[in-house]
K.L.:
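Input: one structure, supplied below.
Atoms considered below: every heavy atom in the structure, side chains included; atoms not considered: hydrogens, waters and symmetry mates. Note that this is a predicted model, so its numbers are computed, not measured. Both counts, for ligands and for their atoms, begin at 1 and track the order of listing.
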Amino acid sequence: EKGGYEYFMLKEIAEQPQAIADTLLGRLSDRGEIILDEVRLTDQDLRDVDKVFIVACGTAYHAGMVAKYAIEHWVRIPCEVELASEFRYRDPILDRSTLVIAISQSGETMDTLMALRHAKEQKARVLAICNTNGSTIPRESDAVLYTHGGPEIAVASTKAFLTQLVACYLIGLHLAQVRGVMYSDEVAAVVEKLQATPDSLRTLLSRMDQVRELGRDLRTASTVLFIGRHVGFPVALEGALKLKELAYMHAEGFAAGELKHGSISLVEDGTPVVCVVPSPTGRGVMRDKVVSNIQEVRARGARTIVIAEEGDEDVRQFADHLITVPHTPTLLAPLMTTVPLQILACEIAAARGNDVDQPRNLAKSVTVE
Ligand code: M6R
């Protein structure tokens, strides 16, 4: 049932290109327009939205963080992302024109469900992004967009994360389209890039031997830090979460620019720092800032593991280990940059003799608050 893979997690990582393709399937018209028929909100409802809140936990929360960048950039309305377990205690300001997006692989996470119920009580519209048909969260939502990732068995979320990203991109583009913020040819251009990601991901997956080797080498590290900027920041958080969850190692993700405000003190001689570098095309300024942050940690002895785009040759001189990923537009880059981090965590965990699919203290769906 593991299809020849040693762990479900590895099987699910390998299924990611197909999971993305399946999540895109049937959602795009011939003219590149986005059709979300499972979304029972009228175009008028979507035009009335003046604020978006995203609520989720764990990995799904990281997908929400990426979505915030995409939605604000494309739709030009404020979008907040919040841990579901914190949301209602803050007494958030919600009304009929608020769209709350609840992201959950299982559809049964109690924290997310309670956040959703709170939003509904305040008359907000609730849209679920979910991977499990007929589960509680979609049943209680006004609308649902299913990710077609197929069953995820390993406790660590992998393909669900990438398909959640795809669902968020589709919702962002759809909102931009119905609100007339993006022209259909602009939407079509992004969609074309999205449709190219499964092939790029297959290429990336075919050359992960170096990452596996690095994983075995890092098994004795006492801490691993992850840094990223913009959408690379949630990717850094996700890389750290995977490592904690699977390898039981101390790991922490930071916004690259925030490190110098305190946490850089953690860096010692040989501390592994995984750096997620933005594409040099797109917004080159951001890439250059991350490169300076890499130099800062390196000057303090860090062993740098750099995830950068193919062709970014200049970055090589700052990398003790360079892992390259195929080019994607900046906002879509997490579909690539996350994958080596998933493999790294899996490999380190396996090298430490841990149960990769069933890490200690964890359950696949968390049905208590
Ligand atoms: O089923 P959900 O997406 O609601 O689950 C949310 C989190 O519990 C989940 O993503 C968790 O963080 C993963 N095990 C991380 O790999």
Side-chain angles (χ1 to χ4, degrees), residues 7-13 15-16 19 23 54-67 81-87 100-117 119 126-141 144-168 226 234-249 251-253 334 338-339 341-349 354-369:
Y7 313 108
F8 278 109
M9 184 180 176
L10 284 177
K11 173 172 179 271
E12 290 160 8
I13 288 173
E15 285 169 351
Q16 293 183 114
T23 301
I54 302 176
V55 292
C57 306
T59 289
Y61 171 73
H62 299 150
M65 282 179 76
V66 174
V81 50
E82 191 142 347
L83 291 168
S85 55
E86 288 292 324
F87 184 64
V100 174
I101 304 177
I103 310 177
S104 174
Q105 187 285 130
S106 62
E108 301 296 347
T109 300
M110 189 55 77
D111 287 318
T112 311
L113 180 61
M114 296 314 276
L116 176 165
R117 287 186 181 156
V126 180
L127 164 58
I129 294 177
C130 185
N131 196 43
T132 314
N133 272 317
S135 55
T136 313
I137 289 171
R139 273 206 323 269
E140 294 200 15
S141 298
V144 43
L145 180 61
Y146 281 110
T147 48
H148 295 157
E152 196 179 58
I153 311 290
V155 165
S157 191
T158 54
K159 61 177 177 170
F161 178 66
L162 294 201
T163 59
Q164 283 160 356
L165 293 178
V166 170
C168 290
F226 293 75
V235 170
L237 295 179
E238 175 61 7
L241 178 62
K242 286 285 150 312
L243 201 53
K244 289 182 264 196
E245 175 175 40
L246 298 174
Y248 321 147
M249 269 162 84
E252 227 176 310
T338 309
V339 176
L341 308 189
Q342 298 169 338
I343 292 175
L344 190 68
C346 182
E347 211 56 55
I348 298 178
N354 297 355
D355 185 338
V356 170
D357 288 332
Q358 292 282 335
R360 69 184 182 199
N361 306 339
L362 291 171
K364 184 65 184 163
S365 69
V366 184
T367 52
V368 291
E369 263 189 277

K.L.:
Do S106 and K364 come close enough that some side-chain heavy atom pair is under 4.5 Å?
P.N.:
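No, their side chains stay 4.5 Å or more apart.
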
K.L.:
Mind checking salt bridge (charged side-chain N to carboxylate O under 4.0 Å, His left out) for R139 and listing every partner two or more places apart, or none if nothing turns up?
P.N.:
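Partners of R139 by the salt bridge (charged side-chain N to carboxylate O under 4.0 Å, His left out) criterion come out as none, since no residue qualifies.
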
K.L.:
Can you find an N or O of V366 that's nearer than 3.5 Å to an N or O of ligand 1?
P.N.:
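No, there is no polar N/O contact under 3.5 Å.
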
K.L.:
Which heavy-atom pair separates T147 from I129 by the least distance, and what is that distance?
P.N.:
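For T147 and I129, the tightest heavy-atom pair comes out as CG2-CG2, 3.8 Å.
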
K.L.:
Less than 3.5 Å between some nitrogen or oxygen of K364 and one of ligand 1, yes or no?
P.N.:
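Checking ligand 1 against K364, no N or O pair falls under 3.5 Å apart.
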
K.L.:
Look at atom 1 (O) of ligand 1 and find which of G58, P359, A160, S106 reaches it with the closest heavy atom.
P.N.:
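Looking at heavy atoms only, the winner is S106.
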
K.L.:
Do you know the tightest heavy-atom contact between N354 and L246?
P.N.:
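Nearest heavy atoms, N354 then L246: ND2-O, 2.9 Å.
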
K.L.:
For V100 versus V55, what's the shortest heavy-atom pair and its separation?
P.N.:
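Taking V100 first and V55 second, the nearest heavy atoms are CG1-CG2, 4.0 Å.
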
K.L.:
Which residue holds the protein heavy atom closest to atom 6 (C) of ligand 1, what is that atom called, and what is the gap in Å?
P.N.:
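For atom 6 (C) of ligand 1, the nearest protein heavy atom comes out as C57 O, 3.4 Å.
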
K.L.:
Determine the minimum heavy-atom distance between P151 and E12, stating which atoms define it.
P.N.:
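In this case the closest contact between P151 and E12 is O-OE2, 4.0 Å.
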
K.L.:
Salt bridge (charged side-chain N to carboxylate O under 4.0 Å, His left out) with K11: which residues, sequence neighbours excluded?
P.N.:
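Salt bridge (charged side-chain N to carboxylate O under 4.0 Å, His left out) check on K11 returns E15.
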
K.L.:
Are E108 and ligand 1 in contact, using a heavy-atom cut-off of under 4.0 Å?
P.N.:
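Contact check E108 vs ligand 1: negative.
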
K.L.:
Report, in ascending order of atom number, the atoms of ligand 1 lying under 4.0 Å from any heavy atom of T109.
P.N.:
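Taking each heavy atom of T109 in turn, ligand 1 has 1 (O), 2 (P), 4 (O), 5 (O) under 4.0 Å.
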
K.L.:
A side-chain contact here means heavy atoms from C-beta on lying under 4.5 Å apart; do V368 and M110 qualify?
P.N.:
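The answer is no, as the side chains (C-beta and beyond) never meet within the 4.5 Å cut-off.
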
K.L.:
I need the atoms of ligand 1 closer than 4.0 Å to a non-hydrogen atom of S104, numbered in the order shown.
P.N.:
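Answer for ligand 1: 1 (O), 2 (P), 3 (O), 4 (O).
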
K.L.:
Go through ligand 1 atom by atom and flag the ones less than 4.0 Å from a non-hydrogen atom of Q105.
P.N.:
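Near Q105, meaning under 4.0 Å from one of its heavy atoms, ligand 1 has 1 (O), 2 (P), 3 (O), 4 (O).
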
K.L.:
For ligand 1, which atoms, with element, lie under 4.0 Å from some heavy atom of T59?
P.N.:
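Going through ligand 1 atom by atom, the ones under 4.0 Å from T59 are 10 (O), 12 (O), 15 (C), 16 (O).
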
K.L.:
Nearest to atom 16 (O) of ligand 1, what protein heavy atom do you find, and at what distance?
P.N.:
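Result: E245 OE1, 2.7 Å.
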
K.L.:
Can you tell me if A156 has a non-hydrogen atom under 4.0 Å from ligand 1?
P.N.:
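Judged by the 4.0 Å heavy-atom criterion, A156 does count as contacting ligand 1.
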
K.L.:
Would you check the N or O atoms of T112, main chain and side chain alike, for any that come under 3.5 Å of an N or O of ligand 1?
P.N.:
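Checking ligand 1 against T112, no N or O pair falls under 3.5 Å apart.
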
K.L.:
Tell me the closest heavy-atom pair linking L162 and P334, and the distance in Å.
P.N.:
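Minimum heavy-atom contact is CD2-O, 4.1 Å.
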
K.L.:
What atoms of ligand 1 come closer than 4.0 angstrom to any heavy atom of K242?
P.N.:
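Atoms satisfying the 4.0 Å criterion: 15 (C), 16 (O).
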
